[in-house]
There are 4 protein chains.
Amino acid sequence: DFASNGNNLGKVFVDYTLFKGKAALSMSPVLPKFSKINAGNMRVEKKGSVLLTFFPAIGERKYDWQKKQVFALSATELGSLISLGPADSAEFFHDPSMKTSNAGQVRKSLSVKPLSDDGGYYFSLNVVNAMLKTNERFYVPVSKAEFAVMRTSFSFILPHIMGWDRLFNHQVPASTSVS
Amino acid sequence: DFASNGNNLGKVFVDYTLFKGKAALSMSPVLPKFSKINAGNMRVEKKGSVLLTFFPAIGERKYDWQKKQVFALSATELGSLISLGPADSAEFFHDPSMKTSNAGQVRKSLSVKPLSDDGGYYFSLNVVNAMLKTNERFYVPVSKAEFAVMRTSFSFILPHIMGWDRLFNHQVPASTSVS
Amino acid sequence: DFASNGNNLGKVFVDYTLFKGKAALSMSPVLPKFSKINAGNMRVEKKGSVLLTFFPAIGERKYDWQKKQVFALSATELGSLISLGPADSAEFFHDPSMKTSNAGQVRKSLSVKPLSDDGGYYFSLNVVNAMLKTNERFYVPVSKAEFAVMRTSFSFILPHIMGWDRLFNHQVPASTSVS
Amino acid sequence: DFASNGNNLGKVFVDYTLFKGKAALSMSPVLPKFSKINAGNMRVEKKGSVLLTFFPAIGERKYDWQKKQVFALSATELGSLISLGPADSAEFFHDPSMKTSNAGQVRKSLSVKPLSDDGGYYFSLNVVNAMLKTNERFYVPVSKAEFAVMRTSFSFILPHIMGWDRLFNHQVPASTSVS
């Protein structure tokens with residue numbers, strides 16, 4: 001496997017984080033993983049995503065990263081957010097244990113709804129864990145300007161999430177990039 | 001010739017595939033091929049495209065890749081799709097044997113029409129083969145979110161299809177890139 | 001000086017050409033030229049552009065490249081075209097001999113007007129040469145799809161015309177890139 | 001630290017400058033600085049920005065660069081400008097001495113308001129310095145075409161300001177990029 005940054009030069013940590021009253025929302029891209037198939041050829045083994053991380057406020061300008069919950073946006077979910085009109089809403093459902101014996105035990109839903117005032121959106125993540133009997137909810141208002149950053153950076157990263165840049169951007173020699 | 005990925009480090013296989021009820025639609029870029037003309041200078045020998053591949057459903061979540069039909073979108077056809085308004089339609093006609101003795105024997109038409117409900121489009125490919133006396137038709141509904149992925153990735157890849165990135169992105173040393 | 005493609009690996013010739021009834025219109029980017037100023041630092045010496053080349057039809061599907069006239073679009077002129085609304089027009093005036101003793105002898109004007117039917121634009125170039133007593137005019141209708149290719153590729157190339165990619169894209173080692 | 005251009009090959013100076021009647025406005029990107037954290041991994045140490053530099057006209061087509069004032073636009077402020085509608089305004093406030101003992105002594109405000117006529121915007125920077133008892137104001141009208149250049153180049157540079165390109169664009173070997 002490749003490292004999640006697509007090469008073996010060490011990871012680079014980048015994010016864009018919004019600190020709000022009840023919670024913070026951090027987002028960072030996860031590039032696809034490629035595997036060698038034959039003769040130096042490669043294909044996508046694991047698709048990329050944009051990882052949203054929500055973590056709660058525990059005081060004024062204090063946040064608890066340990067209590068974070070994550071939601072990995074797929075290419076199509078990114079397409080949904082990029083093309084969201086001013087009055088549109090979106091809702092996505094994930095089961096992190098899908099296709100395992102724990103399927104259905106944890107249900108995550110991300111809801112994106114327009115803010116009334118300024119052209120921004122209200123992001124809320126709900127995580128219900130039947131095993132732990134927990135029900136967590138995070139609320140983060142995203143302003144029009146902040147959503148423009150999301151839209152622009154998501155549009156930028158989408159082809160890379162899909163691996164389309166790798167057709168002409170062989171930064172990693174095939175001989176060294178596969179473990 | 002270059003390999004279709006524009007260099008000699010092996011091919012990279014990437015696509016974006018939509019699996020729907022009657023058929024699946026896969027799309028992947030094909031970079032232009034360059035040829036050396038003199039003194040290390042290069043020009044486009046064969047234009048790039050985005051290859052659409054349709055293949056039929058043959059059961060629940062089962063698809064038959066062997067029965068695929070392809071349609072290669074040119075730069076201008078990509079421009080047409082990128083600029084498609086919510087109520088717009090597009091239709092493209094290809095003859096894979098154009099300018100050969102078999103011209104007119106196989107006629108392909110790709111039709112893109114708005115879906116009534118959600119801002120997406122209905123893609124249908126019709127392939128009529130007079131020699132084999134076959135008439136195949138593939139239907140794939142594309143949601144607004146999926147079309148946003150297409151629009152974003154097509155906009156990203158278009159300048160590369162045209163070779164404009166090669167002005168500043170000489171990833172392949174001239175000495176090794178021409179057969 | 002750099003070569004116009006921004007490095008010393010040989011030039012790459014790429015364009016996008018529209019062949020129409022009365023004339024053809026070809027467009028290709030010209031990257032900025034940089035010069036070393038000190039200690040390995042560089043700055044833009046000559047700004048980039050997108051070169052429009054018009055050449056006349058001289059028969060059915062025959063064109064005469066020798067009779068071409070060119071018009072180099074600046075960053076701001078590209079901005080004007082990129083942001084053109086469906087009913088907007090634009091007109092640009094160039095004097096290729098500006099600030100020389102021949103100033104005013106050759107006047108070039110590029111006019112872009114909306115086509116009535118399909119969302120495209122009518123490009124016309126007028127070149128008046130007082131010395132040669134010539135007055136040439138080229139007309140090229142550009143469809144909505146073709147203009148979408150122009151808009152997308154011009155948006156792509158604009159930051160490169162401005163040299164902004166060179167902040168993080170040192171493809172050319174400083175030691176070899178300056179003559 | 002990295003150099004502000006993100007590598008150690010020397011700086012590259014690029015800008016886009018608008019010369020108007022009362023003042024000129026120059027803009028150029030500042031990439032983020034990364035620091036090594038461990039095992040070849042890196043993270044953003046100082047965020048990137050787009051630096052706006054205003055300098056006054058002191059005669060016909062003469063400007064005084066020595067009297068310049070700067071305003072560094074953050075990712076979210078860039079998002080605000082990128083998403084500005086034709087009738088929208090924006091205003092940003094900076095205190096260059098924030099969190100120091102001089103906090104509040106210098107107040108900068110950038111105001112962006114629509115021009116009545118052509119779809120452009122009026123940029124004005126006000127710098128009040130309580131220590132020097134100065135109050136400077138710069139006015140620069142930005143046309144629709146010029147703002148399209150700003151919008152396109154800001155959209156291009158935003159993911160780089162955020163460092164998101166560094167996930168797949170390790171131009172600088174980790175071993176040499178940290179001082």
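Chain letters run A, B, ... following the sequence lines, proteins first and then strands; every chain starts at 1.
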Open item on the list: A side-chain contact here means heavy atoms from C-beta on lying under 4.5 Å apart; do A:T76 and B:Y16 qualify?
Closed with: yes
Open item on the list: Do B:V149 and A:L158 make a side-chain contact, defined as non-hydrogen atoms from C-beta onward lying under 4.5 Å apart?
Closed with: yes
TODO: Heavy atoms only: give me the nearest A:G79-B:A148 pair and the separation to one decimal.
DONE: O-CB, 3.2 Å
Open item on the list: Report which part of A:L81 has an atom under 4.5 Å of a heavy atom belonging to chain B: side chain, backbone, both, or neither.
Closed with: neither
TODO: Determine the interplanar angle of the B:F156 and A:H160 rings, folded into 0 to 90°, and report it as parallel if under 30°, tilted if 30 to 60°, perpendicular if over 60°.
DONE: perpendicular
Open item on the list: Assess the residue pair B:F13 and A:L167 against the criterion (side-chain contact (heavy atoms from CB on, under 4.5 Å)); give the C-alpha distance rounded to whole Å, side-chain angles, the decisive distance to 0.1 Å, and a yes or no.
Closed with: CA-CA 8 Å; B:F13 295 93; A:L167 289 180; over 6 Å; no
Open item on the list: For B:S155, which atoms come within 4.5 Å of any heavy atom of chain A: side chain, backbone, both, or neither?
Closed with: neither
Open item on the list: Are more than 12 heavy atoms, taken from residues, nucleotides or ligands other than B:K47, located less than 6.0 Å from that residue's NZ atom?
Closed with: no
Open item on the list: Taking atom CE as the centre, does B:M98 end up with more than 12 heavy-atom neighbours from other residues, nucleotides or ligands that are less than 6.0 angstrom away?
Closed with: no
TODO: Could you tell me the separation between the CG atom of A:D165 and the CD1 atom of B:I157, rounded to the nearest 0.5 Å?
DONE: 8.5 Å
TODO: Please test A:S80 against B:K144 for side-chain contact (heavy atoms from CB on, under 4.5 Å), starting from the C-alpha separation and ending with a verdict.
DONE: CA-CA 7 Å; A:S80 175; B:K144 182 183 176 188; over 6 Å; no
